[in-house]
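Each remark here refers to the structure printed beneath this line.
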Amino acid sequence: MKKKTKDYKMFKFFDSNRELQKGLVDKLIKSISLNNLLEFRPILVDKDFKIIDGQHRLEAAKKLQVDIYYEIQKELKAHDIILLNENQKAWSTEDYINFYANENYIEYIKLKNYIKEKNINIWTVFVLLGKSISKTKVKKIITSGKFIFPTGTKLEEINNLIFKINNIKEMLKNKLIGNKKFVDQIMFHKALVHFLSFSFINYNTFYKKLEQRLDLINRRATDSAYIELFKAIYNYKNIHRINEIEWIEAVTSKENA
């Protein structure tokens with residue numbers, strides 16, 4: 001049965017729901033101001049008045065000081081948040097991580113803490129894990145709730161790559177002149193991970209070559225273009241140049257893995 005109220009404090013939020021998005025709230029405020037249809041779209045709450053669906057509508061109604069309509073659905077649970085919200089505005093990967101972490105999924109808590117500790121984004125994490133950064137595949141792993149945080153040798157390998165990437169980023173930010181924003185972009189990170197993951201690439205040599213050829217480093221359109229740039233810089237006055245046959249074989253092997 002649908003009811004209405006201006007007692008906004010009676011409603012509670014699930015920790016596992018996604019964070020309020022100011023842009024969406026502002027959009028709803030504008031829409032409600034022009035034509036208030038909240039009566040026809042009540043928010044859904046459980047028996048404890050925790051919001052399953054409609055937290056943005058509640059916030060907009062609160063800002064406008066208008067009635068919010070609600071229905072109590074005793075059978076709904078926290079996990080129904082995902083299904084209801086996906087039919088409105090798609091959840092981001094971070095939304096899913098936050099949801100499962102707040103629902104005490106240990107592997108997601110580890111992932112969330114790791115991202116914060118290393119100051120990297122989710123896409124970089126998946127590149128480092130050796131996964132495709134196709135959004136469809138990443139979403140499938142996250143939304144399933146079956147993500148497993150790496151351990152042992154795999155985690156050491158990832159930590160080592162992050163250390164190298166951060167060193168390179170810091171050096172480039174300090175020494176490059178002009179626009180440096182591309183250094184923080186996922187495309188640049190993906191190319192670095194790809195390039196540094198080959199056993200025949202000497203990190204110390206690559207770092208020194210980057211310092212020597214700062215004039216060549218700028219924003220590229222694709223990760224493959226960055227990789228070609230890294231190859232050219234690595235080979236610059238290097239007696240241990242990249243063997244093209246070895247390179248092609250390694251790339252082919254990685255693509256088929």
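Heavy atoms from other residues, nucleotides or ligands lying under 6.0 Å from NZ of Lys63 number 12 at most. The environment of Ile177 atom CD1 is sparse: at most 12 non-hydrogen atoms of other residues, nucleotides or ligands sit within 6.0 angstrom. Around NZ of Lys169, the count of heavy atoms belonging to other residues, nucleotides or ligands within 6.0 Å exceeds 12. No more than 12 heavy-atom neighbours from other residues, nucleotides or ligands sit within 6.0 angstrom of CD1 on Ile245. Annotation: Tyr207, atom OH; neighbour count of heavy atoms from other residues, nucleotides and ligands within 6.0 Å is above 12. The number of heavy atoms from other shown groups lying within 6.0 Å of NZ (Lys47) does not exceed 12. Counting heavy atoms of neighbouring residues, nucleotides and ligands inside a 6.0 Å radius, atom CG of Asn179 exceeds 12 of them.
Counting only distance, with no hydrogens or angles, the side chain of His194 and the backbone of His189 share no donor-acceptor pair below 3.5 Å. Of the possible donor and acceptor atoms, none in the side chain of Asn160 sits under 3.5 Å from a partner among the backbone N and O of Glu156. At distances below 3.5 Å, at least one donor-acceptor pair connects side-chain atoms of Lys209 with backbone N or O atoms of Lys237. The closest donor-acceptor contact from the side chain of Lys4 to the backbone of Glu39 lies at 3.5 Å or more, if one exists at all. Formation of a donor-acceptor pair under 3.5 Å by the Tyr108 side chain with backbone atoms of Gly145 is found in this model. For the pair Ser197 (side chain) and Val193 (backbone), a donor-acceptor distance under 3.5 Å is present. Panel note: side chain Glu107, backbone Phe149; a donor-acceptor pair is recorded below 3.5 Å. Of the possible donor and acceptor atoms, none in the side chain of Asp48 sits under 3.5 Å from a partner among the backbone N and O of Lys50. Under the 3.5 Å distance criterion, the side-chain polar atoms of Arg57 are matched with a main-chain donor or acceptor of Pro42.
Using a cut-off of 4.0 Å between Lys/Arg side-chain N and Asp/Glu carboxylate O, Glu170 and Lys173 are scored as not salt-bridged. Under a 4.0 Å N-O distance rule, the pair Lys175/Glu211 qualifies as a salt bridge.
Ring-plane geometry between Phe200 and Phe198 is classed as parallel, the angle between the planes falling under 30 degrees on a 0 to 90 degree scale with a further cut at 60. Using cut-offs of 30° and 60° for the angle between ring planes, the Phe195 and Trp247 rings count as tilted. Phe188 and Phe230 have perpendicular rings, their planes meeting at more than 60° on a 0 to 90° scale where under 30° would count as parallel.
Between Thr143 and Tyr100, the shortest heavy-atom distance links the atoms O-OH, 2.7 Å. Here the closest non-hydrogen pair linking Lys112 and Ala101 is CD-CB, 4.0 Å.
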- Message: Set out, in order, the CA-CA distance, both residues' side-chain angles and the distance that settles side-chain contact (heavy atoms from CB on, under 4.5 Å) for Ile242 and Tyr234, then state yes or no.
- Response: CA-CA 8 Å; Ile242 295 172; Tyr234 188 83; 3.6 Å; yes
- Query: Can you list the steps and then say if Phe49 with Tyr70 is a side-chain contact (heavy atoms from CB on, under 4.5 Å)?
  - Reply: CA-CA 9 Å; Phe49 287 89; Tyr70 66 96; 3.7 Å; yes
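Put simply, the side chain of Ile68 reaches to within 4.5 Å of the side chain of Ile43, judged on heavy atoms.
Of the N and O atoms on the side chains of Asn218 and Arg220, at least one donor lies less than 3.5 Å from an acceptor on the other residue.
Tyr226 and Leu216 fall within a single hydrophobic cluster, where Ile, Leu, Val, Met, Phe, Trp and Tyr side chains are chained together by heavy-atom contacts under 4.5 Å.
Each of Asn166, Asn159, Ile165 was compared with Lys118 under the side-chain contact (heavy atoms from CB on, under 4.5 Å) criterion, and only Asn159 meets it.
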